[in-house]
Amino acid sequence: MSSQDIPEENLPAEQGGTHVPKPADEKNPFADPGLPPHEHRIQDIDERAAKRSERTVALLFTVSMLATIGFIASFVAIPHDKSIYVWPLGHINAMNLALGLTLGVALFTIGAGAVHWARTLMSDEEVADERHPIEASPEVRAKVHADFKQGAKESVIGRRKLIRNTMLGALTLVPLSGVVLLRDLGPLPGTKLRHTLWSKGKLLVNMNTNEPMRPSDIAVGSLTFAKPEGLEEHDHGFQNEIAKAALMIIRLEPEAIKDKRELEWSHEGIVAYSKICTHVGCPISLYEQQTHHALCPCHQSTFDLADGARVIFGPAGHALPQLRIGVNDEGYLEALSDFEEPVGPAFWERG
Amino acid sequence: MSTAANEAPRSRGKAPAGERVADWADGRLGIYSLAKANMRKIFPDHWSFMLGEICLYSFIIIILTGVYLTLFFHPSMNEVEYHGSYIPMQGQLMSEAYKSTLDISFDVRGGLLIRQIHHWAAIIFLAGMFVHMMRVFFTGAFRKPREINWLFGFLLFVLGMFTGFTGYSLPDDLLSGTGVRFTQGAILSVPIVGTYISMFLFGGEFPGTDFVARFYSIHILLLPGIMLGLVVGHLILVFYHKHTQFAGPGKTNKNVVGMPLLPVYMAKAGGFFFLVFGVIAAIAGIASVNPIWSIGPYRPDQVSTGAQPDWYMGFAEGLVRAMPGWEINFWGHTLVLGVFVPLVIFGLFLAIIALYPFIESWVTGDKREHHILDRPRNAPTRTAFGVAWVTAYMIMLIGGGNDIVATHFHLSINAVTWFVRIGFFVGPVIAFVITKRICLGLQRRDKEKVLHGRESGIIKRLPHGEFIEVHEPLSQEQLHTLTAHEQYKPVEIGPTVDENGVERKVKRTEKLRAKLSKSYYGEESQIPKPTVEEYKEITSGHGHH
């Protein structure tokens, strides 16, 4: 609709054809010219445009109502385990999609309606509000200071030092009760972080089959995860124990082992290392057969399992602890002791 | 205030119900004096002022959806066998926390949607706060009298990070459990008290059976309680200080120009709440976030590749990934620098931005109130510093996802890590220099525009054949806007010898301040803005060419 249809009396008085910049102030062309005159919107001068805006807002609010009905209908009608294919999202839960979209539309259209209403129909005349300094006037300031001094004086806290000092003492001490109460949040560390479930004679049990292993079960180049015998998933405290005892077993050609101690603690090329990264304790699970490198997927610390599991890249600070293993009388792999050093991330008392 | 006067209008006819309710409330709460000051309060308009609103609204959405989730979530680490409706998990051992999260996702109708709204809103809340903070930083809105409010906002950002972290740890899934393990490892690295904090936080060794319940009370009560208080304080201060505004015709440091709260901002801001909520609800319907059912329950001996925290923890993650694994052993103790240093840098890096307003006000020595925002170009050193900070942050964000970057762009993980290690130091310096140059360039352009007018794009051929480009002079509004900013002069140390010829001791801090001041406001750091004289000289000679 063109502006020619707008009744003459509604048009702003001085709406020139072209925009001419106001001539600059003679004295100071940079001076603040004050608020620019208000420019009318089409809705301010044309009732039909205003009506159109009104209808748009009402339409948006109506769509919202319909979307809410749609939300309730989806909630009731769609089976909650129904999966549908939607391009490009793939297979997704139908109810979640329907609920999300209807709720989204119901909310969005309320917002869109309100904003459109504000932008087109509410007054858009800019108004200036005075600011006042945040700080108090000198009189108020003086009054407050005087009041405070009077109050302090009347309390005699400055004169009776004994009261002040004992009060400060009491108030300082009383929170200590709260601190003491926190003591039972947990046990003291003691040497807990130094020991695992491994000990002399404990069989190495395959994590997947839950069976003890013979050297012949482990192929050269393979990676096997193991736990100490007797530790079962359903046990109370399983999580805590496996967090320290988790083991990875690899088999190398004995001549490929570069580290002397590693060779000593191995059995026929089978070496057992803690699976818990010495950086911050993620389980290491990526093993590169060709290079004998193990990589922690969390922070990419890389250990050379053929060379004492020393760190060759990444943020870990020291090598993975090795478990000394051997074979018992029945030919099963067993631990010959606990880990010689604490497993997992380093800590202050580790040494 | 006589009773007769109060009763007079009522005897003539009953006042509308709303008015009577308001009168009733006013008699008990004194709401009219509050409304007098605030109902028609003026708020200025600028797109960047809505960033804070996004944060506020996503915070409200998080609280609403969070309360709903507590109705179904069981914050317990008891191990149970799963026999719910999600087939692939049948018979698996998992904690009750994980099981109830599965139930929310698969058995509670709409539960998945609310969970996803909650998580998406948290992501948007943190992102919103980050961007809002940058808006406030780059426009200098943190200057007096708003320093305290800057700190409130900063605390909200930090607490938001930890609330988010404790929240995504609650489902006790493999991914979040790995994140908790990472946190525990980081705590262990703290000298002297690390092991004690860890034992006390987890009720013993990791993972124990307590942390979900403890994180739960931290996540739903402690931190949100503090945050709610801070949000209210933040908003009260925004009202009390009145909003800042950009320079422009009619806008001064002593006024605020805009539209009234009732009705315009009631509708715009109120409507914006629904817009934000609607968009988040739609996203939550379309895009899955944290699909814990495909990740599995937590086991300390299992992990998946590509383990990533939510984006706002990526910075901390990056620091930990990039730091070389230094460890110092002495007298039976271990100093785990490889983890502890990132922890300290994380704190310091955030502290710098928190304290920045105080540093800048010390450098300028300016004790006045500032309600007119700076254009970032007009504060080149601050802008450059901010960009340098963001650059370091972003580089560490890349570092936090170095595995993802490496696999997606087919790069070597080692190369990405080395890039991050070097980039963390070099990147901010480069960013600082470039940003400062750009700011100065933009200042020159503004100056040029003021003195010579706007390029009209019209090429004119003069009678003697010369081509000139016609510049159109700026209006006084534009001239004012472009020259309204103040330019500080660098602080001088002053004479080191007093009038009696006695040498005065110049304090170290004084020297530092002068140095900083020079780097902020010296010749190298700002283009003198055009003066009226320059303008007159050039405009009077206009047309000569």
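All heavy atoms count here, side chains included; hydrogens, waters and symmetry mates do not. Note that the coordinates shown come from a computational prediction; the quantities given were computed from them, not determined experimentally. Naming convention: chains lettered A, B, ... in sequence-line order (proteins, then strands); numbering from 1 in each chain.
Ring centroids of A/H279 and B/F182 are separated by 6.0 Å or more, keeping the two rings apart.
A/Q239 places a side-chain N or O within 3.5 Å of a backbone atom of B/Y298 that can act as its donor or acceptor partner. One N or O on the side chain of B/T334 and one on the backbone of A/G351 form a donor-acceptor pair closer than 3.5 Å.
Of the inter-residue distances, the one linking B/Q302 atom CD with A/I242 atom CD1 reads 9.0 Å to the nearest 0.5 angstrom. A/C298 SG to B/R181 CZ: the interatomic distance, rounded to the nearest 0.5 Å, is 10.0 Å. To the nearest 0.5 Å, the span separating CG on A/L295 from CG on B/D403 amounts to 9.0 Å. Going from atom NE2 of A/H132 over to atom CD of B/E369 covers 11.5 Å, rounded to the nearest 0.5 Å. Note that NE2 of A/H299 and CG of B/N402 are 9.0 Å apart. Values are rounded to the nearest 0.5 Å. Interatomic distance, A/L89 CG to B/I286 CD1, rounded to the nearest 0.5 Å: 6.5 Å.
Closest heavy-atom contact between A/P315 and B/V320: CB-O, 3.4 Å. The shortest non-hydrogen separation linking A/E233 to B/L93 is O-CD1, 3.5 Å. The shortest non-hydrogen separation linking A/C282 to B/T178 is SG-CG2, 3.5 Å. Contact between A/P283 and B/V303 at its shortest, heavy atoms only, is O-CG1, 3.3 Å.
Ring geometry for A/W348 against B/F330 counts as perpendicular: the plane angle is over 60°, on a 0 to 90° scale with 30° as the lower cut.
Neither the backbone nor the side chain of B/R368 comes within contact range of chain A; no heavy atom of the residue lies under 4.5 Å from a heavy atom of that chain. Within the 4.5 angstrom heavy-atom criterion, only side-chain atoms of A/F313, from C-beta onward, approach chain B. For B/P207, the parts lying under 4.5 angstrom from a heavy atom of chain A are both the backbone and the side chain. Residue B/S304 touches chain A through its backbone alone, counting heavy-atom pairs closer than 4.5 Å. In this structure, chain B has no heavy atom under 4.5 Å from any part of A/V311. Contact of A/S74 with chain B is not made at all, since no heavy-atom distance falls under 4.5 Å. Contacts of B/Q116 with chain A are made by side-chain atoms alone, with heavy-atom separations under 4.5 Å and no backbone atom involved.
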Without placing hydrogens or testing angles, list every side-chain donor-acceptor pair under 3.5 Å for residues 106-119 of chain A, not counting sequence neighbours.
from	atom 1	to	atom 2	distance (Å)
A/T109	OG1	A/S64	N	3.4
A/T109	OG1	A/V105	O	2.6
A/T109	OG1	A/A106	O	3.4

Please report, to 0.1 Å, the donor-acceptor pairs under 3.5 Å made by any side chain of residues 185-195 of chain B, with sequence neighbours excluded.
from	atom 1	to	atom 2	distance (Å)
B/S189	OG	B/A186	O	2.6
B/T195	OG1	A/E349	OE1	3.0
B/T195	OG1	A/E349	OE2	2.9

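If you tally non-hydrogen atom pairs under 4.5 Å between each of B/P263, B/S198, B/G204 and chain A, the highest count goes to B/P263. Contacts with chain B were tallied for A/D129, A/T102, A/L97, A/T302; A/D129 has the most, counting heavy-atom pairs under 4.5 Å. Here B/H333 is the residue among B/H333, B/H371, B/R299 with the most heavy-atom pairs under 4.5 Å with chain A. Counting heavy-atom pairs closer than 4.5 Å to chain A, the top-ranked of the candidates B/T531, B/V264, B/N414 is B/N414. Interface remark: of the candidates B/P249, B/A267, B/G399, B/P249 forms the most heavy-atom pairs closer than 4.5 Å to chain A. Of the residues considered (B/A282, B/G258, B/G400, B/P530), B/G258 shows the highest number of contacts with chain A, using heavy-atom pairs under 4.5 Å. Comparing B/I117, B/N253, B/V276 by how many heavy-atom pairs each has under 4.5 Å with chain A, the most go to B/N253.
Side-chain polar atoms of B/E79 and A/H236 form no donor-acceptor pair below 3.5 angstrom.
Taking the centre and axis of the six-membered ring of A/F71, the NZ or CZ atom of B/R109 falls outside the cone set by 45° and 6.0 Å.
When the options A/K244, A/R194, A/K192 are evaluated for a salt bridge (charged side-chain N to carboxylate O under 4.0 Å, His left out) with B/E205, the one that passes is A/K244.
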